[in-house]
Amino acid sequence: MEIYRQRREQLMAKIGNGTAIFRSAPMAVMHNDVEYAFRQDSNFFYLTGFNEPDAVAVFAPHHEEHQFILFVQPKDIEKETWTGYRTGVDLAKEMYGADEAYSITELDEKLPQYLEKADRIYYHVGRDRAFDDTILQHWQQQRRLYYRRGTGPRAIEDSAVLTDPLRQIKTPEELELMRRAAEIAVDAHNLAREIARPGRYEYEIQAEMERLFGVNGGSPAYPSIVASGGNSCILHYVENNRQMQDGDLLLIDAGCCYQYYNSDITRTFPVGGKFKPNQKIIYELVLEAQKQALSKIKPGIPYNEHHDAAVRVIVEGLMELGLLVGDIEEIIKEEKYKPFYMHKTGHWLGLDVHDAGAYKHSEEEWQILQPGQVLTVEPGIYISPFLKPVEGQPEVDSQWHGIGVRIEDDVLVTETGCEILTAGVPKSVEEMER
Ligand code: GLY
Ligand code: MN
Ligand code: MN
């Protein structure tokens, strides 16, 4: 609870005379009354540690009595029999450190007192339309009152401006969980390499990996991708139902969520134990692209540089193979490599797999890497048989078709450079073969 308290303190210091409102995740209904597993909204969890749906957290540092207010589902033994334990109003104060707590049914009655002296409302519009309406109605009411009272919020600002910069720098406690999430996924990837064989099905590998997540208290961070043969060229392939053949590459993109924190790892290796010559060429190219990208992960370097480094290696390599022709600077500038490499080299990682935080601050100004940030570094090359070459570029010879390679690691920016949190899964050509 002390960790959440510190986070709230940091948040409050940024709110000034505003009031910030955070909504929990809704309980998602699948169909016919069957519920998806509940997963708390990441910002809500980050600030409260509170793990129930239908809750609202309000932060009003300027308020005389209450700065942190929780609205929660009230105790209801009958409902709890169906839908699980509720903390309830009384314990919400005691257990979660709120200065005041109310039943969520009292929101409309109690919220105005926390808005009337605020100069703005921080709230993330657009995620929960029904709740947006509630907030907009309160805002309208406060705007009307402003003309006689002289106080009240005049603007609504995205609450992400408060939480993004906090979430972007991971604390030692967060890193401990991220290391564990990484470690479990590392073990799962190492297991996958041991058990993948021609004749087995992609879903068998998925099941064994996810079993390891489960018995270690984790779960899949996102739908696991186990993509053999030509499936490796489909970025978000999730069917995982093909029988693997000798001669296939197997691309596995699977990460573990452990106590809300995520890992995200991709490895690509030959199912039969030996790369074919063309597969090996593409694999080594992606590996070199990742190496060059990783050399650009240190404090003070703009966020775009590792992507640019990876693109340059990939373009140079594809030109050498005759898969791209022309002037290298023009190919890069006009992104003519995109049929082969259509995604970016990574993303922030944390409570969300694609974690909170900006990559750019203006058209020209990239985020500068700082110690405590965690990002993925994941270059790839995908040579789909259905590829449409860019004008002026050659047809791809069928000997390359169906080769898809991605190598993805999770990287912490440190004071002096970076630390690869997922280094426990090998990636050299020799280690991917057997
Ligand atoms: N597995 C999701 C990603 O790599 O971004
Ligand atoms: Mn990723
Ligand atoms: Mn991934």
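Quantities reported herein were computed from a predicted structural model and do not represent experimental measurements. Counting starts at 1 for both ligands and their atoms, in listed order.
Between L175 atom CG and E419 atom CD the span is 8.5 Å, to the nearest 0.5 Å. L249 CG to I282 CD1: the interatomic distance, rounded to the nearest 0.5 Å, is 10.0 Å. Separation of atoms CE (M178) and OG1 (T422) is listed at 10.0 Å; rounding is to 0.5 Å. Distance OG/S228 to OH/Y237: 6.0 Å, rounded to 0.5 Å.
Among the atoms of H347, an N, O or S atom falls under 2.8 Å from the Mn ion (ligand 2).
The atoms of ligand 1 that sit less than 4.0 Å from any heavy atom of Y222 are 1 (N). Shown in contact with D253 at under 4.0 Å from a heavy atom are these atoms of ligand 1, numbered in order with element: 1 (N), 4 (O). Those atoms of ligand 1 with a heavy atom of H347 less than 4.0 angstrom away are 3 (C), 4 (O), 5 (O). Each of the atoms 4 (O) of ligand 1 lies under 4.0 Å from some heavy atom of E408.
With respect to atom 5 (O) of ligand 1, the closest heavy atom belonging to the protein is H354 NE2, 2.7 Å. Nearest protein heavy-atom neighbour of atom 2 (C) of ligand 1: D264 OD2, 3.7 Å.
Proximity of a side-chain donor or acceptor of R200 to a complementary backbone N or O of I195 within less than 3.5 Å is detected. Looking only at distances, no side-chain donor or acceptor of Q206 sits under 3.5 Å from a matching main-chain atom of S224.
Looking only at its N/O/S atoms, D264 has OD2 as the one nearest to the Mn ion (ligand 2). Shortest distance from the Mn ion (ligand 2) to E408 is reached at OE2 (N/O/S atoms only). Take the N/O/S atoms of E378: the one nearest the Mn ion (ligand 2) is OE2.
Of the polar atoms of E378, at least one N or O is found under 3.5 Å from an N or O of ligand 1, judged by distance alone.
Inter-residue side-chain proximity for I297 and L375 is flagged as met; some heavy-atom pair is nearer than 4.5 Å.
Here the two rings, on W139 and Y123, have centers that are 6.0 Å apart or farther.
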